[in-house]
Structure formats: C-alpha cells, structure tokens
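Here is the naming used below: chain letters follow the sequence lines, and residue numbers restart at 1 for every chain.
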There are 2 protein chains.
Amino acid sequence: MAQRYELMKGNIDSLLLCLIGRQPMYGYQIIRELESRSQGYFKFKEGTLYPALHRLEADGLIIGKWQVLPNGRQRRYYHITDKGYLSLVEKRTQWQELLAAVSLIMQPPVNT
Amino acid sequence: MAQRYELMKGNIDSLLLCLIGRQPMYGYQIIRELESRSQGYFKFKEGTLYPALHRLEADGLIIGKWQVLPNGRQRRYYHITDKGYLSLVEKRTQWQELLAAVSLIMQPPVNT
DNA sequence: AATACTACCTAGTCTTTCTATGTATAATAT
DNA sequence: ATATTATACATAGAAAGACTAGGTAGTATT
C-alpha cells in the first residue's frame, strides 16, 4: 500500500464489515476479495487484516467461528452481528458525510 | 470530531494544501475556513492543525511567513510551494482513486 | 474587571497500520 | 523425493497521525 496507506486509516473496518455483512468470510479470503473487487487497489497485509478482525470481534461487531474442512484444515469464518450491522449502517452514513464535506473543500461551490 | 476522526487520517494534509493553494492563509483562519466551507462538518483542533502545518512546512510543501498587523499582532501566513502544488495534484488523484476503490467494495457492480 | 475572541504552540497519549516474522498444512513443480 | 508456492492463521515492535489538555499573550467586549 506504501504511499497511499495513510488515506485508508479508519476506513478498513468499514470495508471489512461491508464484506462480512454480505456473507461470512475468513481472513485470507477477505484479503483476496478486497484486491479483486477493487481491481487491484487494495492489497492488505496480514499484519493489517488480522488485528483489524480481532478488533472488530472484540467490539462485538463480528463473531469468528472455526470451521473444519474435509481435508482437516481450519478456517475462521467471521459472521456479522446485529451490533455490527447497525455499525455498518452508521459507517456508511459517516462515509457519505465525509465525502460531501471533502467535496465542499476540494470543489467549492461557485460564489454567487 | 470525536467518533468520526478516524475517517480523516491522512486526508488533512490534502485539505490544507487545497486551501493554501488558493491563497495564503494562517492557522486560525484555516480552522474557521474549514468549518464554514464544510458547513460545520470539520472542526479541527489546534493540536491537530498546527502540527500538520509544521509537518507540511518541514516537507517543503508550504512556507510560513510572519506578517505583522497594524495593531502589532503577528500572524503566520502559509504559502504553497511548487513542490506543494505538485503534491496537491497527486493527492487529488489518489483521493479519486480511493473513492473509486471504496465504491467498488461498498457498491459492487451487479453480476452479469 | 471579567470574559470571550484571536492567534500561536507543545507534550503526552491513543489508535491504527505497517514491517517483519513465525507456524503449519496442502498443492504443485522440479 | 524435494523444493517451492499457495493456503491460513497469528503476533511483536515500530512509525505515524490525531486527539486531549494545557500553555502564552494581546485585543475586544460586556
């Protein structure tokens, strides 16, 4: 992410909630999903993602459940909670408000 | 800013460069300008703004010049530099790219 | 005389993200 | 057979940004 990581501060949680809100997902899957859906823009590192997931779980916004695959391997699928869904709705609104505010600064309305 | 400050991480510099790029401004003025232009959304604290200005100056993106008012009071007006202008153009592009990427996650295109 | 506004500044704290590394199994390539 | 890549999780420590809280000082208002 390098030079543009600063732009993302505080937005990762929204993205994660958004994806997990559609269907339960596990960490590794989320990393690839974010990259493919954003056409390569997002390339999250494990060191960013897993702590973020743990934080969301600690806040009660998601719940992780271990699932064992036929081959014996384990995945931790995260499900969104009611609280998480409420938070997602709120974060969406906040994101829109931020966009509006930034637009007003970046592209100020013409003076009358 | 309270609950929404996290959304702003990394974007403050862009806003400051944008304003100062239009005309030289001093810190206190920037705080009020950001609030009025954003219709009350942005309420920057001094503890956020002044360090940000010093950071931008240390990076050579803006230059501060003390100006003495008729009543003897001092203001530090910041001017954008050539380097700062280039950075602003770049940051604008990055912001647009981020918006596009976030949109792809938040409002995924319908599957065909 | 007291309060509010203008105008600058910084120290310390908190949170987030990154880099770097570690563990372990499965699948593929040589 | 062995080496490499992909899958899948995890954490420690460092870096950076923004906040809280406080400070200084002159001017204007009540």
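Look at CG on A:Leu15: it is 14 Å from C1' on C:dT16, rounded to the nearest Å. Atom pair B:Lys45:NZ and C:dA11:C1' shows a separation of 18 Å (rounding to whole Å applied). Atom CZ of B:Arg76 is separated from atom P of D:dA25 by 19 Å (rounded to the nearest Å). Taking atom CD1 of residue A:Ile31 and atom P of nucleotide C:dC18, one finds them 11 Å apart after rounding to whole Å. At whole-Å resolution of the value, CG in B:Asn11 and P in C:dT16 are 16 Å apart. Atom C1' of nucleotide C:dA26 and atom CD of A:Gln74 are separated by 15 Å, given to the nearest angstrom. At whole-Å resolution of the value, CZ in A:Phe44 and P in D:dC9 are 16 Å apart.
With A:Leu88 as reference, A:Leu17 is the one residue of A:Leu16, A:Leu61, A:Leu17 to meet the side chain to side chain contact (heavy atoms under 4.5 Å, CB included) rule.
For residues 47-66 of chain B, the salt bridge (charged side-chain N to carboxylate O under 4.0 Å, His left out) pairs, not counting sequence neighbours, are B:Asp13-B:Arg55, B:Glu57-B:Arg76. Legend: ring-ring contact (aromatic ring centres under 6.0 Å, His included) pairs involving residues 48-74 of chain A, not counting sequence neighbours: none detected. Screening residues 28-38 of chain A for salt bridge (charged side-chain N to carboxylate O under 4.0 Å, His left out) gives A:Glu33-A:Arg37, A:Glu35-A:Lys43 as the qualifying pairs, with residues at least two apart or on separate chains. Under the ring-ring contact (aromatic ring centres under 6.0 Å, His included) criterion, no residue pair touches residues 79-109 of chain B, with sequence neighbours excluded.
Both B:Glu46 and A:Tyr78 lie near DNA chain D, and the one whose nearest nucleotide falls closer to the 5' end is A:Tyr78. Heavy-atom nearest nucleotides on DNA chain C were determined for B:Gly47 and for B:Arg32, and the one closer to the 5' end corresponds to B:Arg32.
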(request) Both distances under 3.5 Å, Watson-Crick or G-U wobble: on that basis, could you give the dot-bracket string for DNA chain D, with [ ] for crossing pairs and | for other-strand partners? (result) ||||||||||||||||||||||||||||||

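Considering only side-chain N and O atoms, A:Arg75 lies under 4.0 angstrom from the phosphate OP1 or OP2 of D:dA8.
DNA chain C is contacted by B:Tyr26, B:Gly27, B:Tyr28 of residues 16-29 of chain B, taking any non-hydrogen atom closer than 4.0 Å. Contacts with DNA chain D (heavy atom under 4.0 Å) in residues 48-59 of chain A: A:Tyr50, A:Pro51, A:His54, listed by number.
By the side-chain contact (heavy atoms from CB on, under 4.5 Å) test, B:Ser14 pairs with A:Met106, B:Lys91, sequence neighbours left out. Take B:Arg73 and apply the salt bridge (charged side-chain N to carboxylate O under 4.0 Å, His left out) test, not counting sequence neighbours, and it matches no residue. In this structure, the ring pair (Phe, Tyr, Trp, His ring centres under 6.0 Å) partners of A:Tyr77, at least two apart in sequence or on a different chain, are A:Tyr26. Applying the salt bridge (charged side-chain N to carboxylate O under 4.0 Å, His left out) rule to B:Glu46 yields no partners; only residues at least two apart in sequence or on another chain are considered.
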For nucleotides 27-30 of chain D, which of its nitrogen or oxygen atoms have a protein nitrogen or oxygen under 3.5 Å away, and what is each distance?
| unit_1 | atom_1 | unit_2 | atom_2 | d |
| --- | --- | --- | --- | --- |
| D:dT27 | OP1 | B:Asn71 | O | 3.2 |
| D:dT27 | O4' | B:Arg73 | NH2 | 2.9 |

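Between A:Ile31 and A:Phe44, the closest heavy-atom pair is CG2-O, 3.5 Å.
No donor-acceptor pair closer than 3.5 Å links the side chain of B:Ser38 to the backbone N or O of A:Ala101. For the pair B:Ser87 (side chain) and B:Lys83 (backbone), a donor-acceptor distance under 3.5 Å is absent.
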